[in-house]
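Have a look at the structure below, then the notes.
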Amino acid sequence: MLTPGAKGAAPDRRVLVALPGEKNRAQWERLLGEEGFREVAFAASGGEARLLAGAWDAVVVSAPLPDEFGHQLAMDAAEEGPGVLLAVKSDQWEEVNARVSPYGVLTLGRPFSRGMFSQAVGLLLASQAKAERYRAENEKLRQKLEELRVVSRAKCLLVEYLHLDEESAHKYMERQAMEERKTRRAVAEEILREYG
């Protein structure tokens, strides 16, 4: 369901709320809409929430759920990437927080004020943005390492089959890349296909 947001979050920000029953859906939808979430979807149990797993920007779990408490759902969801907020009774907060915080789950004690909720969502979104930057940086590094691996294998083949030294193999690949207007990796992959 689409809701207007007041905080200026990205217009496509989506949240999944695992909430027992229908009783508090309107309240959660209003709170999340005020925080800038444009799409709020609901699951009535942990099982249903797992079926709805997908490209959510955030997951909110209001524990306990009818089929499980909800902490395992929160930890599982956090492993998938979205920011996760787990709302529990205040007297359970300390124990539950100790269990789920190592997984990156933010725990909020109920009842909570509007200000506390807004701060929690702000922290959740900030940590999510930081995690996304780390994931993107990690992916760049992974691609760079893969490129270095492919280029190194190609150099070894040039050394073996064309009897070049390592420096000459490197210069050969650089020259091929420049002349053919290709990346070093593309040249390396051609060498692997030809000599590998």
Side-chain angles (χ1 to χ4, degrees), residues 1-140:
M1 171 179 262
L2 297 176
T3 56
K7 294 282 183 168
D12 59 347
R13 195 175 299 276
R14 305 171 67 226
V15 61
L16 173 63
V17 181
L19 177 70
E22 302 275 331
K23 183 179 174 186
N24 295 318
R25 281 189 180 197
Q27 178 185 12
W28 279 102
E29 190 168 18
R30 179 183 53 76
L31 285 170
L32 290 162
E34 289 173 359
E35 293 302 322
F37 288 94
R38 302 290 191 247
E39 185 179 338
V40 182
F42 290 95
S45 67
E48 185 180 344
R50 285 181 177 86
L51 289 174
L52 295 173
W56 302 105
D57 297 301
V59 174
V60 175
V61 179
S62 182
L65 298 171
D67 59 343
E68 62 180 282
F69 181 76
H71 66 284
Q72 189 62 51
L73 170 64
M75 293 184 296
D76 292 345
E79 291 291 318
E80 296 297 318
V84 180
L85 177 64
L86 176 60
V88 298
K89 291 181 182 176
S90 290
D91 62 348
Q92 298 172 319
W93 182 89
E94 191 171 343
E95 178 185 342
V96 173
N97 185 60
R99 180 179 277 185
V100 300
S101 64
Y103 294 87
V105 176
L106 184 63
T107 311
L108 181 63
R110 281 192 322 261
F112 49 79
S113 69
R114 174 73 186 87
M116 284 176 59
F117 181 74
S118 186
Q119 287 178 358
V121 170
L123 287 171
L124 183 72
L125 294 177
S127 65
Q128 185 64 12
K130 188 173 187 177
E132 188 55 42
R133 284 193 307 276
Y134 285 143
R135 275 192 288 276
E137 186 177 315
N138 190 29
E139 180 59 23
K140 282 182 187 175

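No hydrogens, no waters, no symmetry mates; every other heavy atom, side chains included, goes into these values.
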Inset, instruction - Would you confirm whether S127, through its side chain, and L123, through its main-chain N or O, come within 3.5 Å as a donor-acceptor pair? - result: yes

Inset, instruction - For V84 and L124, work out which heavy atoms get closest and say how close. - result: N-CD1, 3.2 Å

Inset, instruction - For the pair W28 and F117, name the ring-plane relationship: parallel under 30°, tilted 30 to 60°, perpendicular over 60°. - result: perpendicular

Inset, instruction - Measure from the side-chain N and O atoms of R14 to the backbone N and O of A55, and report whether any donor-acceptor pair falls under 3.5 Å. - result: yes

Inset, instruction - Taking all heavy atoms of P20 and all of P64, pick out the closest pair and write down the distance. - result: CG-O, 3.3 Å

Inset, instruction - Mark yes when over 12 heavy atoms from residues, nucleotides or ligands other than Q72 sit less than 6.0 Å from its CD; otherwise mark no. - result: yes

Inset, instruction - Grab the two heavy atoms, one from L86 and one from A63, that are nearest each other, plus how far apart they are. - result: CD1-CB, 4.0 Å

Report all side-chain donor-acceptor pairs from residues 97-105 shorter than 3.5 Å, counting only partners two or more places apart or in another chain.
| unit_1 | atom_1 | unit_2 | atom_2 | d |
| --- | --- | --- | --- | --- |
| N97 | OD1 | T107 | OG1 | 3.2 |
| R99 | NH1 | H71 | NE2 | 2.9 |
| S101 | OG | N97 | O | 2.9 |

Inset, instruction - First locate atom CZ of R38, then atom CG of L32, and finally report the distance between them rounded to the nearest 0.5 Å. - result: 12.0 Å

Legend entry - Note: R133-E137 ion pair, threshold 4.0 Å (strictly below): no

Legend entry - Value rounded to 0.5 Å, distance of CD in Q128 from CG in L85: 12.0 Å

Legend entry - Contact summary for P82 and W56, nearest pair of heavy atoms: CB-O, 3.2 Å

Legend entry - More than 12 heavy atoms from other groups under 6.0 Å of CD on E132: yes

